[in-house]
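Owing to the predicted nature of the structure, the values given are computational and were not obtained by experimental measurement. Order of the sequence lines sets the chain letters (A, B, ...), proteins ahead of strands, with each chain counted from 1.
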There are 4 protein chains.
Amino acid sequence: MAPLNENQLEQKRMERKAQIMKAALKVFADNGVKLTKISMIAKEAGVSHGLVYHYFTSKDEVLYESLEWAMERNRVDQVFHELNESQLSPLEKIKQFTIFGFTQGELEVSSDIFRVVQHLAKSNENDMPDNIYDLVKKSGQFYIESLFPLFAEGQKSGEIIQGDTEELLEIYLTVISGIMADDPTWWRENMDQKVDILLRMITAR
Amino acid sequence: MAPLNENQLEQKRMERKAQIMKAALKVFADNGVKLTKISMIAKEAGVSHGLVYHYFTSKDEVLYESLEWAMERNRVDQVFHELNESQLSPLEKIKQFTIFGFTQGELEVSSDIFRVVQHLAKSNENDMPDNIYDLVKKSGQFYIESLFPLFAEGQKSGEIIQGDTEELLEIYLTVISGIMADDPTWWRENMDQKVDILLRMITAR
Amino acid sequence: MAPLNENQLEQKRMERKAQIMKAALKVFADNGVKLTKISMIAKEAGVSHGLVYHYFTSKDEVLYESLEWAMERNRVDQVFHELNESQLSPLEKIKQFTIFGFTQGELEVSSDIFRVVQHLAKSNENDMPDNIYDLVKKSGQFYIESLFPLFAEGQKSGEIIQGDTEELLEIYLTVISGIMADDPTWWRENMDQKVDILLRMITAR
Amino acid sequence: MAPLNENQLEQKRMERKAQIMKAALKVFADNGVKLTKISMIAKEAGVSHGLVYHYFTSKDEVLYESLEWAMERNRVDQVFHELNESQLSPLEKIKQFTIFGFTQGELEVSSDIFRVVQHLAKSNENDMPDNIYDLVKKSGQFYIESLFPLFAEGQKSGEIIQGDTEELLEIYLTVISGIMADDPTWWRENMDQKVDILLRMITAR
DNA sequence: TATGAATGAGAATTCATTCAT
DNA sequence: TATGAATGAATTCTCATTCAT
């Protein structure tokens, strides 16, 4: 066989990396960062642990690159953008966003990201490299900044209960985060009804 | 000098053990069981790691004894009993129970128990000694059995929304658990209002 | 470079394992099981202690596998078989067997096995995993069952002194075992004469 | 009660020490020096481990003092002296001495000494304090010097087989030592017959 | 004198990381 | 690129020794 050309090689390389990153995200999400061993990632990806170090220089880098890569593909920002363009009410937008969070997207990493970030947010920031800490912080920031206007608008329109908007948002995010840390599989059954119940917390009657 | 007499010795011994168990519960609650190192417990308790092994034979036993000890003092069952004796409505009882869960009791271990059990419930049961697994299971069972009648009654009286009682309870417990896994300190500020918001999930309007 | 193929790899792996097992046997034989530290085995084998755990899951397994492996190669049973086929007198057979026990075979583990088993036989069986206990028991059984007929036959032919055969065998084995526990190097000089002296114990005159 | 006077105090002190030393010897003999834990000695003596350190400054000192103390009381030298005074034949003297070695004397430490010395002789001399090493060496020397004349005399009288006297003695002592390392209880049953069998090794026919 | 609490050095084992093939 | 061998730092647990009472 003729050797692959540069492009083909690069593409093959990226596929391999993606394969590992996807596996890493799942294992990180399921077990938490600290309890995830390189061997677990390698096994999930179906490669040797040595290969992981061929593509990444350390466990921290696996984590960082995997998160960054997944966030790029995940395009929560795009989802937000589309939701905002739509004619839905604020509360309905929040619901759609929540459902999106639980859903496994086409690349099946959507909720994994959220869960990994959750694990990280709960752990001691001193145990974390700066770049990862930044990613986590930025991610949290992003959700707050994106959701805050929806909450505010909903309160204005009377759809959402009154009170300190920031605190309300914080409660809502804590609840969602806590649930995510759990096994999200269960939440995917009858997701619509379950999310409706969650939203009752903030829905004005 | 003559050694202390039996009683003095036994009392001192129990105080030391309690000191370690209290520290252990806090560290287990904050970090999860697997990530808690004996050195962390020793440091929190202000003793050497060797002393921990003077009072307990293994990390697992520290965990088991600490949980058992805390559960005994905690007397959730008693709280439930008193609540049930009271004239409060089912929903109000659930609220009081929830508040109790977040509260640090006089011995300051109340919510730690809940959190440790949460960590354990999320981890693989195969990594757990039988006696600890039993404790966790019994604890979960207890909450379900105690709360189920309140939910059912509340639905009957129209105070709580209709629907599959078991599923409703499950959602409620998952949410509470998820929150607990988080830093519960935050929840203690304005706890009453926050719990009110949580309860809106199940409150009929 | 491409990784080694299956066969090459497997062979290298087995060589390494053998290297460690041989070292382990020697150190176990010299120091007894409990007093043997993994670091001593690693040092004797010229590898890091980590590598020992790459090939074996625990110290107990090093012991078990090493013994099993050595017993397989040692083929005492085969020696017995050949001796029995021969035209030698019972006493002569016992002598040859005794010499074989002291001898370092081609793989140089023969007497180490005996010595390790001796150490184990003397230690508390409760401190021993079942599979190791079985190995030790089976080994002891084997010697008794193989030698008993020779002793009986020798007594019948008048070559061996009269008396309780079982007790005689027990004395003989205790003596041999006790010697083995000692440094067997010394016994290898003038072995023939020394064994002759030992055999005088049971030789009829 | 009136306080004890100096002498009584000193006597009580010595009794306590003796109690511990006797226990120590037994445990050292049964388990070997390295595997004997202070707690085992304390338990055997029925005192707390702290008390052991009240009378001795270290484990090594317990060993050294216990051996020295036992050797003094044991008076093997006296036994030898008495045997030599007697009219017995050399071989018979060797037999009596051997029996004495197996026997538990009135203070029940006789064979324990021998066994502890055996354990020590087998272990690495670098792990041993000088004074203990000297004790062991002196002890070995003593047996050799005391028995050599008996062997030589026996060979001269034709009672003992010919050959290098030193080597013969060495074989004999190795065998006895090896047996001692084992459980000597078994040897005490029918001791006379068993020792007769042992002696056949060196008996001329 | 006597007890047991307390400490810390050392040993088994795990796992991130590097290296030879 | 790919594998798994090899290393050593970190963690649990044991035990000699010291100390307070």
Side-chain angles (χ1 to χ4, degrees), chain A residues 4 9 12-13 16 34-42 47-62, chain B residues 1-6 8-10 12-13 15-17 34-42 46-62, chain C residues 1-6 8-10 12-13 15-17 34-42 46-62, chain D residues 4 9 12-13 16 34-42 47-62:
Chain A
L4 302 175
L9 269 175
K12 208 168 161 239
R13 188 179 165 80
R16 260 302 200 224
K34 211 54 182 293
L35 291 181
T36 293
K37 299 157 202 355
I38 289 289
S39 60
M40 294 162 77
I41 296 174
V47 301
S48 72
H49 70 267
L51 195 61
V52 176
Y53 280 92
H54 191 74
Y55 288 101
F56 306 90
T57 63
S58 70
K59 184 173 156 179
D60 278 340
E61 214 194 88
V62 176
Chain B
M1 237 177 292
L4 300 175
N5 71 38
E6 288 262 317
Q8 289 171 310
L9 209 55
E10 182 56 20
K12 223 185 147 211
R13 192 177 165 79
E15 274 168 25
R16 256 307 195 231
K17 256 190 114 160
K34 203 62 183 293
L35 291 181
T36 293
K37 324 215 178 303
I38 289 288
S39 60
M40 295 161 77
I41 295 175
V47 300
S48 71
H49 74 266
L51 193 62
V52 176
Y53 282 96
H54 185 68
Y55 288 101
F56 305 90
T57 62
S58 68
K59 184 175 156 180
D60 278 340
E61 214 194 86
V62 176
Chain C
M1 237 178 291
L4 299 177
N5 71 39
E6 287 263 316
Q8 289 172 310
L9 210 53
E10 182 57 20
K12 224 184 147 211
R13 192 177 164 80
E15 274 168 26
R16 257 303 196 235
K17 255 189 114 160
K34 202 64 183 292
L35 290 181
T36 293
K37 314 192 189 320
I38 288 289
S39 61
M40 294 161 77
I41 295 175
V47 300
S48 71
H49 73 266
L51 193 61
V52 177
Y53 283 95
H54 185 68
Y55 288 101
F56 305 90
T57 61
S58 69
K59 184 175 156 180
D60 278 340
E61 214 194 86
V62 176
Chain D
L4 301 176
L9 270 175
K12 206 167 162 240
R13 187 179 164 80
R16 259 304 199 222
K34 212 52 182 294
L35 291 181
T36 293
K37 300 159 203 353
I38 289 289
S39 61
M40 294 162 77
I41 295 174
V47 300
S48 72
H49 70 267
L51 194 61
V52 176
Y53 280 92
H54 191 73
Y55 288 100
F56 306 90
T57 63
S58 70
K59 183 175 157 178
D60 278 339
E61 214 194 87
V62 176

Query raised in the report: Got a donor-acceptor contact below 3.5 angstrom from the A/K59 side chain to the A/T36 backbone?
Result: yes
Separation of [X] atom [atom1] from [N] atom [atom2], in whole Å?
{"X": "B/K59", "N": "E/dA12", "atom1": "NZ", "atom2": "P", "value": "20 Å"}
{"X": "B/H54", "N": "F/dC19", "atom1": "NE2", "atom2": "P", "value": "17 Å"}
{"X": "C/I38", "N": "F/dG8", "atom1": "CD1", "atom2": "C1'", "value": "15 Å"}
{"X": "A/Y55", "N": "E/dA16", "atom1": "OH", "atom2": "C1'", "value": "20 Å"}
{"X": "C/K12", "N": "E/dT21", "atom1": "NZ", "atom2": "P", "value": "6 Å"}
{"X": "B/I41", "N": "F/dC13", "atom1": "CD1", "atom2": "P", "value": "10 Å"}
{"X": "D/L9", "N": "E/dA2", "atom1": "CG", "atom2": "P", "value": "10 Å"}
{"X": "A/L35", "N": "F/dT11", "atom1": "CG", "atom2": "C1'", "value": "14 Å"}

Query - Watson-Crick or G-U counterpart of E/dA16, or none if no pair lies under 3.5 Å - result: F/dT7
Requested in this report: Look through every strand shown and name the nucleotide pairing with F/dT21 as Watson-Crick or G-U wobble, where both distances are under 3.5 Å.
Outcome: E/dA2
Query raised in the report: Is D/L51 touching bases, backbone alone, or none of the nucleic acid, heavy atoms closer than 4.0 Å?
Result: base
Query raised in the report: What does B/F56 touch in the nucleic acid at a heavy-atom separation under 4.0 angstrom: a base, only the sugar-phosphate, or nothing?
Result: nothing
**Report entry** Toward the 5' end of DNA chain F, by each residue's nearest nucleotide, C/K34 or C/S48
**Finding:** C/S48
Query raised in the report: Between B/T57 and C/R13, which has a closest nucleotide on DNA chain F that is more 5'?
Result: C/R13
Requested in this report: Report the C-alpha separation of C/L51 and C/H54 in whole Å, then their side-chain angles, then the decisive distance to 0.1 Å, and conclude whether the side-chain contact (heavy atoms from CB on, under 4.5 Å) test is met.
Outcome: CA-CA 5 Å; C/L51 193 61; C/H54 185 68; 3.9 Å; yes
Report summary line: With the side chain defined as heavy atoms from C-beta on, C/K37 is closest, among E/dT17, E/dA11, F/dA2, to E/dA11
Query - Minimum-distance nucleotide (side-chain atoms of B/Y53 versus F/dC15, F/dT12, E/dA12) - result: F/dT12
Query raised in the report: Between C/T36 and B/R16, which is nearer to the 5' end of DNA chain E once each is assigned its nearest nucleotide?
Result: B/R16
Report task. Apply the test side-chain contact (heavy atoms from CB on, under 4.5 Å) to residues B/R13 and B/R16: give CA-CA distance (whole Å), side-chain angles for both, the deciding distance (0.1 Å), then the verdict. Result -> CA-CA 5 Å; B/R13 192 177 165 79; B/R16 256 307 195 231; 5.8 Å; no
Query raised in the report: Does a sphere of radius 6.0 Å around NZ in A/K34 hold more than 12 heavy atoms from other residues, nucleotides or ligands, not counting ones at 6.0 Å or beyond?
Result: no
**Report entry** Rounded distance [0.5 Å steps], CD in D/E61 versus OH in D/Y55
**Finding:** 14.0 Å
Query raised in the report: Got a donor-acceptor pair under 3.5 Å from the side chain of B/H49 to the base of E/dA6?
Result: no
